[in-house]
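Data first, discussion second: the structure below is written as structure tokens.
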Amino acid sequence: MMSTLEPEQSARIRIFCADDHAFLIEGLRARFDRETGLQFVGSLGSADGLVEAVAREAPQVLLMDIDMPGRDPFETIEDLKARCPECRVILLSAFIRHAYLDVAVKAGAWGYVSKRDAPAAIIDAIRQVAAGRFAFSPEVISRCGLDPNRPTAAADKNAPESRLSKITPRELQILRMIGKGMSRNEIAAAIHRSPKTVDAHRSSIMEKLGLHDRVELARFAIREGIVEI
């Protein structure tokens, strides 16, 4: 005999949280438990193993910290899009920069919220994304000067794009590693590619950003705060 709770549970939005701050996770979980139609299904403190955990728990929405231990966040989003296409990712970050929104959407994210946002704003973003709409919190919209109806430059072919918005998620990952002072061999090992592949990506990044050598790339990454994400 089917439980009378099953229809109600099946109608809930299943949420998985990935963040290395246990206090934040517990706070969100407690808030979700008080909300109608939301169900917390699990959490992880690292991007390592996140794709497998999401595949196992089958959430509709993944709330993921953009700055936590483990794999590159944008690479993880791309893998999730391929393996768990029914799961929609919302990035949770303390760093609000327009260019990151462009790269996040290119990678497959559905939303971007700030850790300083009120819980109600984060919950609203979750509901919006679960309903199939891109969602950006009030602080993100305000800080980046976005139109809520057209939240990213990528959505508007006539909108001006920053230099950083031209690079791919993989290139952003490599640029961040260059900014951290990693050598080409260290980068190659980290992304499981050959040093020649790293060189090709680096050349592409320099061309897109109008920079000329590794030193300029590192300075750009530090100045723009890319090493912080």
Do Gln173 and Thr168 have side chains that get closer than 4.5 Å, going by heavy atoms?
no

Rounded at 0.5 Å granularity, tell me how far CG in Leu175 sits from CZ in Phe220.
6.5 Å

Got a second to check how far Leu91's CG is from Leu63's CG, nearest 0.5 Å?
9.0 Å

As an exercise, state the distance from CD1 of Ile13 to CD1 of Ile15, rounded to the nearest 0.5 Å.
6.5 Å

Taking the side chain as everything from C-beta on, heavy atoms only, tell me whether Trp110 gets closer than 4.5 Å to Val89.
no

Taking Asp117 for the side chain and Ser114 for the main chain, is one N or O donor matched with an acceptor at less than 3.5 Å?
yes

My understanding is that only residues two or more places apart in sequence, or in another chain, count here; which of them pass salt bridge (charged side-chain N to carboxylate O under 4.0 Å, His left out) with Arg31?
Glu35

Counting C-beta onward and ignoring hydrogens, is there a side-chain heavy-atom pair between Asn185 and Ser183 closer than 4.5 Å?
yes

Main-chain N/O of Gln60 paired to Arg14 side chain as donor or acceptor, under 3.5 Å:
no

Salt bridge (charged side-chain N to carboxylate O under 4.0 Å, His left out) pairs touching residues 198-207, sequence neighbours excluded, are Arg184-Asp199, Asp199-Arg202

Flag the pair Ser93 / Lys115 as yes when at least one side-chain heavy-atom distance between them is below 4.5 Å, and no otherwise.
no

Met64 and Ile77, any side-chain heavy atoms less than 4.5 Å apart:
yes

Answer with yes or no whether the side chains of Gln128 and Arg133 bring together a donor and an acceptor at under 3.5 Å.
yes

For residues 42-57, which side-chain N or O atoms pair as donor and acceptor with protein atoms under 3.5 Å away, sequence neighbours left out?
{"from": "Ser46", "atom 1": "OG", "to": "Asp48", "atom 2": "N", "distance (Å)": "3.0"}
{"from": "Ser46", "atom 1": "OG", "to": "Pro69", "atom 2": "O", "distance (Å)": "3.2"}
{"from": "Asp48", "atom 1": "OD1", "to": "Arg71", "atom 2": "N", "distance (Å)": "3.2"}

Any side-chain heavy-atom pair from Arg170 and Ile191 closer than 4.5 angstrom?
yes

How many angstroms lie between CG in Leu80 and CD in Glu86, if you round to the nearest 0.5 Å?
9.5 Å

If I take atom CD1 from residue Ile187 and atom NZ from residue Lys180, how far apart are they, to the nearest 0.5 angstrom?
10.5 Å

Between Glu216 (side chain) and His212 (backbone), is there a donor-acceptor pair under 3.5 Å?
yes

For a 4.5 angstrom cut-off between non-hydrogen side-chain atoms, does Leu92 reach Ile122?
yes

Minimal non-hydrogen separation, Val129 against Ala135, with atom names
CG2-CB, 3.8 Å

Could you measure the distance from the CD1 atom of Ile25 to the CZ atom of Phe32? Nearest 0.5 Å is fine.
8.5 Å

Verdict with reasoning, Lys208 to Glu171, per side chain to side chain contact (heavy atoms under 4.5 Å, CB included):
CA-CA 10 Å; Lys208 291 177 179 179; Glu171 289 169 345; 3.0 Å; yes

At their closest point, which heavy atom of Ala130 faces which heavy atom of Arg88, and how far apart are they?
O-NH1, 3.3 Å

